[in-house]
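On a predicted model such as this, the values are computed, not experimentally measured, just so you know. Heavy-atom basis, side chains included; hydrogens, waters and symmetry copies ignored.
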Amino acid sequence: MQDTPDSQKRRCLIVLSHSLNEVTLARFRQCQAELASTFDVFLVLSEPLQDEAKKHGLQNVVCPTRAQIFSPEYGRKSATFSIKPGNADLILLAFWRQHPGYEYYWVMEFDVYTPRGLSQLAELDRGSDADLLGTYIRLRRHHASWDNWGSLETGPSQVEGVDVDMVATACFLPLSRYSARLLAALDWSYQRGWIGHHEATIATVAACNGMKLQDLNTLAHRVLGRHVYSATSFNHEKSVAADALFFHHPIKHLSQVEALDRAFGSTAAAMSPQ
């Protein structure tokens, strides 16, 4: 395991992607430019793109191997050897095992974009001690129709004294933050037979272990006096321009970035991959 580049920060932000396309490059460079004073910023790639990253002159790039991502210690969770559907957390866990010294780990998928609001992550980070920050946090007993609930299995080892049916929770995670102790609990759970879509397993592991879960909008309302995403701006299908300070997802193409910037009269200069 490696030490953190800056042991004083105790927090890192991971830009997560499977490729080095122009949006990934721009997102990583934007995060480095705007957030490096608060977080150690890494680009974590699920494919072996080290040589390509060197050609772009990138620093703090991590490319976990397939053996590191699909750890045999995780049993059935790793058995598919596939990130999709629902195994993106295995990339984060591989990074955590290599960089264990942080107190909190932010994850921003490459297709998350905000025209003017990136710096607000530092304020949100300071304003919460939650073990999990995410979006659309919901209990299974209140939202039972979600397609991926059936994937959640707690294995032979459950948390003593916890009724999983009562606390089973899901969370949308393209922009999210995890405490080190939550990642340790997730690692422990997968080694003991837990499986399922990561949007269900992560939040449920946190709930079963009495950890604090907090929605980013709930936190933002208290810290910033406003929300930072909406159902139209942030979802898994199509993002509609909502507010210059809102996070938008999915924004997978530079043309979408440029359209958002035009909508809010901002500039795409920070998004330039050059």
Side-chain angles (χ1 to χ4, degrees), residues 1-20 24-25 27-54 56-74 77-78 83 87-110 112 118 121-122 124-126 128-134 171 173-191 194 198 201-203 205-206 209 211-212:
M1 294 183 178
Q2 303 173 17
D3 293 331
T4 62
D6 184 346
S7 60
Q8 299 302 310
K9 288 189 178 133
R10 311 302 297 168
R11 284 151 162 74
C12 66
L13 182 141
I14 297 165
V15 177
L16 184 62
S17 184
H18 62 282
S19 70
L20 274 175
T24 296
L25 288 169
R27 178 67 62 253
F28 179 45
R29 286 174 171 150
Q30 183 192 20
C31 287
Q32 287 182 310
E34 297 187 32
L35 296 173
S37 62
T38 302
F39 307 107
D40 288 330
V41 180
F42 293 87
L43 175 60
V44 178
L45 300 165
S46 60
E47 299 294 331
L49 297 170
Q50 299 94 324
D51 292 343
E52 187 176 346
K54 289 179 181 178
H56 287 285
L58 302 179
Q59 301 292 321
N60 278 10
V61 177
V62 178
C63 301
T65 66
R66 284 181 61 81
Q68 290 169 335
I69 294 173
F70 301 105
S71 170
E73 294 183 348
Y74 293 163
K77 176 66 176 175
S78 290
I83 298 298
N87 284 328
D89 54 339
L90 296 181
I91 308 170
L92 172 58
L93 286 168
F95 177 88
W96 165 74
R97 292 194 300 271
Q98 292 179 310
H99 299 81
Y102 293 102
E103 183 179 1
Y104 289 103
Y105 296 73
W106 278 92
V107 172
M108 177 186 290
E109 294 181 4
F110 79 97
V112 172
L118 190 58
L121 280 185
L124 295 174
D125 182 74
R126 289 190 295 268
S128 177
D129 62 355
D131 293 282
L132 177 63
L133 293 175
C171 183
L173 299 167
L175 179 65
S176 45
R177 192 192 73 176
Y178 310 82
S179 69
R181 71 171 189 156
L182 171 54
L183 295 178
L186 191 65
D187 174 82
W188 184 94
S189 299
Y190 287 157
Q191 289 191 46
W194 284 57
H198 68 283
T201 56
I202 293 173
V205 165
N209 285 276
M211 297 184 187
K212 183 177 180 180

With a 4.5 Å limit on heavy-atom distance, are the side chains of I202 and V205 in contact? no
Practice task
Kindly confirm or rule out a cation-pi arrangement of R177 over Y104, judged by NZ or CZ under 6.0 Å from the six-membered ring centre and within 45° of its axis?
Solution key: yes
Discussion item. Please tell me whether Y178 and D89 have a donor and an acceptor in their side chains that are separated by less than 3.5 angstrom.
Written reply: no
- Task: Report yes if some heavy atom in the side chain of E47 is under 4.5 Å from a heavy atom in the side chain of C63; otherwise report no.
- Result: no
Close side-chain approach of L133 and S128, heavy atoms under 4.5 Å:
yes
| request: Mind running side chain to side chain contact (heavy atoms under 4.5 Å, CB included) on S179 and L132 for me, showing each step along the way? | output: CA-CA 7 Å; S179 69; L132 177 63; over 6 Å; no
Here the pair of heavy atoms bringing S176 nearest to L173 is OG-O, 2.9 Å
Look only at the side chain of N60 and the backbone of V41, and say whether a donor-acceptor pair between them is shorter than 3.5 Å. yes
Smallest heavy-atom separation, N87 atom then K77 atom, equals OD1-NZ, 2.8 Å
If you define the side chain from C-beta out and look only at heavy atoms, does anything of I83 sit under 4.5 Å from I91? yes
To the nearest 0.5 Å, atom CG of L175 lies from atom CE of M108 at 5.5 Å
- Do Y105 and H99 have ring centroids that are under 6.0 Å from one another? no
> Is a donor on one side and an acceptor on the other found under 3.5 Å between the side chain of T24 and the backbone of S19?
Replying inline: yes
**Prompt:** Do the side chain of Q98 and the main chain of F95 share a donor and acceptor less than 3.5 angstrom apart?
**Reply:** no
Are L58 and L20 packed together at the side-chain level, in the sense that at least one heavy-atom pair is separated by less than 4.5 angstrom? yes
OH of Y102 to CH2 of W96, rounded to nearest 0.5 Å, is 15.0 Å
Taking atom CD of Q59 as the centre, does the number of heavy atoms from other residues, nucleotides or ligands within less than 6.0 Å exceed 12? no
Taken to the nearest 0.5 Å, the spacing of L16 CG from F28 CZ works out to 12.5 Å
Query raised in the report: Distance-only, no hydrogens or angles: does the R181 side chain make a donor-acceptor pair with backbone N or O of M211 under 3.5 Å?
Result: no
N209 and A185 have their tightest heavy-atom pair at ND2-CB, 4.1 Å
Review point. Heavy-atom distance under 4.5 Å between the side chains of L13 and D40, does that happen here?
Key: no
So L183 and L93, do their side chains get closer than 4.5 Å, heavy atoms only? yes
When rounded to the nearest 0.5 Å, the distance separating NZ of K54 from CG of L49 is 12.5 Å
CZ (R11) and CZ (R126) are apart, to the nearest 0.5 Å, by 9.5 Å
Quick one about T201 and Y190 (side-chain donor to acceptor, distance below 3.5 Å, no hydrogens or angles considered), yes or no?
yes
Residues L182 and D131: closest non-hydrogen pair is CD2-O, 3.5 Å
Given side chains that start at C-beta, do those of D125 and W106 come closer than 4.5 Å, heavy atoms only? yes
Checklist entry - Does any donor atom in the side chain of R27 or Q30 lie under 3.5 Å from an acceptor atom in the other side chain? => result yes
One should read off an interatomic distance between Q32 CD and F39 CZ, to the nearest 0.5 angstrom, of 14.0 Å
More than 12 heavy atoms of other residues, nucleotides or ligands under 6.0 Å from NZ of K212: is that the case? yes
In short, I69 meets S78 closest at the heavy-atom pair O-OG, 4.3 Å
Heavy-atom closest pair (V15 atom, L43 atom, distance to 0.1 Å) is O-CD1, 3.4 Å
